[in-house]
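Here the structure comes first, spelled out in structure tokens, and everything after it is commentary.
Everything numeric in this text was worked out from a predicted model, so none of it was measured.
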Amino acid sequence: CVPGFVFISGWCGIKFSMGKVFRLYGISLYCAVVFVIFDTIANSSLECFSHVDLLRIIKIAKGQWFLNAYVVVMCLAPMINLAIERMTIKELNPLLLLVFVWSFATTLPISGIVPLSPGLTAYSFLTLLGIYVVARFTRKLYDEGGEFHKVVHNKKVVLLILGASLVMAAIGFGD
């Protein structure tokens, strides 16, 4: 669901606002509070909350990799949106190689020989940024029409992509 959500965000575009950031983190905090309350009740510990419970809430609320990565993408979205309007696919190749080849290779059994840099992982803003960029560029091509418009609406192409994706996920290439 994460790649799908980010792709939809990229297709529609993200407009940055501090209000959105505060609302997203507010939802995370709310969910953490609800989780700790229900966890406390489920463990038949109906005592008052302690500082330990407060620390659990903070740890849960701030530790959501997807939320943190999505906020970083939101911060970069205005620049990405402008850049995509002026770019060609050839100019996107370095970013696509970074995200979908180098970063992906760090999740494979050959990861021991792949150069590693902090942030170059499957669960980082970089992955979400790559998906967002692909979605924005796909939308640009779709809006321009032409041959790409026909490819997107070709059922055989869609089924081929779906089949290849299912096979990749089934053999463990889900990251």
Side-chain angles (χ1 to χ4, degrees), residues 1-40 49 51-104 106-107 116-146 148-149 151-153 158 161-162 165 169 174-175:
C1 1
V2 170
F5 178 79
V6 175
F7 192 90
I8 292 168
S9 296
W11 185 268
C12 298
I14 297 174
K15 292 181 179 157
F16 176 82
S17 83
M18 284 304 295
K20 283 183 190 177
V21 172
F22 287 126
R23 282 192 302 275
L24 285 172
Y25 280 112
I27 291 169
S28 177
L29 183 61
Y30 170 79
C31 291
V33 168
V34 169
F35 172 79
V36 169
I37 289 171
F38 280 104
D39 187 53
T40 303
F49 274 19
H51 70 284
V52 173
D53 293 316
L54 183 60
L55 291 175
R56 278 180 65 202
I57 290 169
I58 293 169
K59 184 178 180 184
I60 292 168
K62 78 176 191 72
Q64 306 302 318
W65 76 268
F66 169 72
L67 175 63
N68 298 329
Y70 192 77
V71 169
V72 172
V73 172
M74 280 178 55
C75 292
L76 297 173
M79 291 180 289
I80 297 297
N81 295 343
L82 281 174
I84 292 295
E85 291 175 17
R86 296 172 175 87
M87 293 179 89
T88 65
I89 191 72
K90 190 174 183 178
E91 294 166 327
L92 279 180
N93 283 340
L95 177 65
L96 299 178
L97 287 170
L98 174 67
V99 175
F100 299 111
V101 177
W102 187 2
S103 181
F104 179 70
T106 65
T107 67
L116 190 57
S117 179
L120 197 61
T121 63
Y123 301 100
S124 71
F125 85 91
L126 187 61
T127 301
L128 300 189
L129 186 66
I131 296 166
Y132 184 82
V133 166
V134 166
R136 292 301 300 156
F137 201 79
T138 303
R139 176 66 186 258
K140 174 186 169 184
L141 293 176
Y142 185 83
D143 287 346
E144 290 173 356
F148 184 79
H149 206 31
V151 170
V152 170
H153 290 284
V158 171
I161 292 170
L162 178 63
S165 297
D175 282 346

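With rounding to the nearest 0.5 Å, the separation of OG in Ser124 from CH2 in Trp65 is 8.0 Å. Residue Met74 holds its CE atom at 9.5 Å from CG of Leu67, rounded to the nearest 0.5 Å. Note that OG of Ser103 and CG of Leu129 are 11.0 Å apart. Values are rounded to the nearest 0.5 Å. Expressed to the nearest 0.5 Å, how far CD of Gln64 lies from CG of Leu29 amounts to 11.0 Å. Between the CE atom of Met87 and the CD1 atom of Ile80 there is a distance of 8.0 Å, given to the nearest 0.5 Å. Once rounded to the nearest 0.5 Å, the distance linking CD1 of Ile8 with CD1 of Ile131 reads 11.5 Å.
A side-chain donor-acceptor contact under 3.5 Å links Glu91 to the backbone of Thr88.
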For this session: Check step by step if side-chain contact (heavy atoms from CB on, under 4.5 Å) holds for Tyr132 and Asn81.
Result: CA-CA 10 Å; Tyr132 184 82; Asn81 295 343; 2.7 Å; yes
For this session: I would like to know whether Leu76 and Phe125 meet side-chain contact (heavy atoms from CB on, under 4.5 Å); could you show each step before the answer?
Result: CA-CA 10 Å; Leu76 297 173; Phe125 85 91; 4.0 Å; yes
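Take Ser9 and apply the side chain to side chain donor-acceptor pair (under 3.5 Å) test, not counting sequence neighbours, and it matches Tyr70. For Val134, the side chain to side chain contact (heavy atoms under 4.5 Å, CB included) partners two or more places apart in sequence, or in a different chain, are Phe7, Leu96, Phe100, Thr138. The side chain to side chain contact (heavy atoms under 4.5 Å, CB included) test applied to Lys140 returns Ile84, Phe137, Glu144, not counting sequence neighbours. Residues forming a side chain to side chain donor-acceptor pair (under 3.5 Å) with Tyr25 (at least two apart in sequence, or on another chain): Asn68.
Under the 4.5 Å side-chain criterion, counting only non-hydrogen atoms from C-beta, Ile161 is in contact with Ser165. Contact of the Leu128 side chain with the Phe66 side chain is registered, since non-hydrogen atoms from C-beta on lie closer than 4.5 Å.
Residue Ala32 comes nearest to Ile60 through the heavy atom pair CB-CG2, 3.6 Å, listed as atom of the first residue, atom of the second, then distance.
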Solution key, residues 13-21 side-chain donor-acceptor pairs under 3.5 Å, sequence neighbours excluded:
unit_1 : atom_1 : unit_2 : atom_2 : d
Ser17  : OG     : Lys20  : N      : 3.1
Lys20  : NZ     : Lys15  : O      : 2.7

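Applying the side-chain hydrogen bond (donor to acceptor under 3.5 Å, both in side chains) definition to pairs two or more places apart or across chains, none involves residues 26-37.
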